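Remember, predicted model here, so these are calculated numbers, not experimental data. Chain A is the first sequence line, chain B the second, and so forth, proteins listed ahead of strands; every chain is numbered from 1. The analysis underlying the following values was restricted to heavy atoms, covering all of them including side chains, and did not include hydrogens, waters or symmetry mates.
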Number of protein chains: 2
Amino acid sequence: MPEVDSMSSGGRDERHLTKVFKALSDNTRQEILRLLESHQRTVGEIVGNFNLSQPTISRHLSVLKEADLVIDQRQGQNVIYRLNDEALSTSMREFFGQFRSCQESLR
Amino acid sequence: MPEVDSMSSGGRDERHLTKVFKALSDNTRQEILRLLESHQRTVGEIVGNFNLSQPTISRHLSVLKEADLVIDQRQGQNVIYRLNDEALSTSMREFFGQFRSCQESLR
DNA sequence: GCGGCTCATAACCGCTAGGTCATGGGTTCA
DNA sequence: TGAACCCATGACCTAGCGGTTATGAGCCGC
């Protein structure tokens, strides 16, 4: 038996794809990505769309940033976040490539 | 401001997609899906591929089943799990279809 | 340089997630 | 029926996550 378990769950050495899915496995963070899909926004603008405190949103943003799904950029006293389109589609393709049924969905 | 927050993170009413991503956000469970991608397997066979106890694998399998990513079927004293190809690709398309950069990669 | 704005970080807390061992339920076969 | 096998579930522990408030750091404008 192969022992495919090169790095199992606990091991805090984590595949990038897993980090991406962790980032996506929260309603709020998914919502944030959808907001940023239309156009970039400041942290304050994002906060305004939720019933959550600013620090909470800030931490969600840092999770998304860790997963490379968003890009931040300081502009004056604001910080502007935008979607990292390339990374998102790259991750998607990387995952899809592993499953026949998903490969069929790629062009 | 729209208050897009129809159901935020904590609320234990969870979108199906979020449940799917939670299921995918673990190295072991991803590994299990890859194993099942080649062909269906019994629980015992799956356990044999990891350094984890049978109950642990069993729980992982139930998480995947909750997310509708696998299908189980009793056969004698064994339980056979197989990948739910359709549900997987459907969920992924549902999510990634929301983003322009991903739409370009999808057919 | 001070006050005020914007955002990130620290400290804390309750709950969930992932792991373990022990046990129980279903199925097969003698 | 009873022993043996396969798997799921219960009880438990620890670590991490998502939320909060309070505070600090960076950048304006006066």
Whole Å only: how far is the [atom1] atom of [X] from the [atom2] atom of [N]?
X        : N       : atom1 : atom2 : answer
Gln30(B) : dG18(C) : CD    : C1'   : 16 Å
Leu61(A) : dA8(C)  : CG    : P     : 7 Å
Gln54(A) : dG19(D) : CD    : C1'   : 13 Å
Leu64(B) : dA17(C) : CG    : C1'   : 14 Å
Phe21(A) : dG18(C) : CZ    : P     : 15 Å
Ile57(B) : dC6(D)  : CD1   : C1'   : 15 Å
Arg59(B) : dG10(D) : CZ    : P     : 8 Å
Glu14(B) : dC17(D) : CD    : P     : 16 Å

**Asked** Do side-chain atoms of Arg29(B) reach the backbone of Lys22(B) as a donor and acceptor pair under 3.5 angstrom?
**Response** yes

**Message:** Considering every strand and a 4.0 Å limit on heavy-atom distances, what is the contact class for Ser62(B): base, sugar-phosphate, or nothing?
**Reply:** nothing

Listing, residues 85-103 of chain B side-chain donor-acceptor contacts under 3.5 Å, not counting sequence neighbours, or none:
unit_1: Ser89(B); atom_1: OG; unit_2: Glu86(B); atom_2: O; d: 3.4
unit_1: Thr90(B); atom_1: OG1; unit_2: Glu86(B); atom_2: O; d: 2.7
unit_1: Ser91(B); atom_1: OG; unit_2: Ala87(B); atom_2: O; d: 3.1
unit_1: Arg93(B); atom_1: NH1; unit_2: Ser105(A); atom_2: OG; d: 3.1
unit_1: Arg93(B); atom_1: NH1; unit_2: Arg107(B); atom_2: O; d: 3.3
unit_1: Arg93(B); atom_1: NH2; unit_2: Arg107(B); atom_2: O; d: 2.8
unit_1: Gln98(B); atom_1: OE1; unit_2: Arg34(A); atom_2: NE; d: 3.1
unit_1: Arg100(B); atom_1: NH1; unit_2: Glu37(A); atom_2: OE2; d: 3.4
unit_1: Arg100(B); atom_1: NH2; unit_2: Glu37(A); atom_2: O; d: 3.1
unit_1: Ser101(B); atom_1: OG; unit_2: Asp85(A); atom_2: O; d: 3.3
unit_1: Gln103(B); atom_1: NE2; unit_2: Gly97(B); atom_2: O; d: 2.6

Kindly say if [X] contacts the phosphate of [N], meaning a side-chain N or O under 4.0 Å from OP1 or OP2.
X        : N       : answer
Asn78(B) : dC5(D)  : no
His60(A) : dC17(D) : no
Arg29(A) : dG18(D) : yes
Ser53(A) : dT20(D) : yes
Tyr81(A) : dA8(C)  : yes
Thr56(A) : dT20(D) : yes

**Request:** Specify the closest pair of heavy atoms between Ile32(A) and Leu64(A), including all atoms of both residues, with the distance to one decimal.
**Result:** CG2-CD1, 3.8 Å

**Fill in**
Heavy atoms of Asn49(B) and Glu45(B) approach each other most closely as ND2-O, 2.8 Å

**Item:** 5' priority, DNA chain D, between Val63(A) and Pro55(B) [closest heavy atom]
**Value:** Pro55(B)

**Message:** Among residues 69-77 of chain A, which ones have heavy-atom contacts with DNA chain C below 4.0 Å?
**Reply:** Gln77(A)

**Request:** Go through dA8(C), dT20(D), dT9(D) for me and flag the one nearest to the Ser58(A) side chain.
**Result:** dA8(C)

**Complete:** Among dG19(C), dT20(D), dA8(D), the one nearest any side-chain atom of Val79(B) is dA8(D)

**Rounded distance [0.5 Å steps], CD in Glu14(A) versus CZ in Phe21(A)** = 12.0 Å

**Item:** Spatial distance of atom CG (Asn84(A)) from atom CG (Leu36(A)) [nearest 0.5 Å]
**Value:** 11.0 Å

Quiz: residues 68-79 of chain B side-chain donor-acceptor pairs under 3.5 angstrom, not counting sequence neighbours:
unit_1: Asp72(B); atom_1: OD2; unit_2: Lys65(B); atom_2: NZ; d: 3.0
unit_1: Arg74(B); atom_1: NE; unit_2: Gly76(B); atom_2: O; d: 3.2

Residues 52-59 of chain A, side-chain donor-acceptor partners within the protein, below 3.5 Å, at least two apart:
unit_1: Ser53(A); atom_1: OG; unit_2: Thr56(A); atom_2: N; d: 3.4
unit_1: Ser53(A); atom_1: OG; unit_2: Thr56(A); atom_2: OG1; d: 2.9

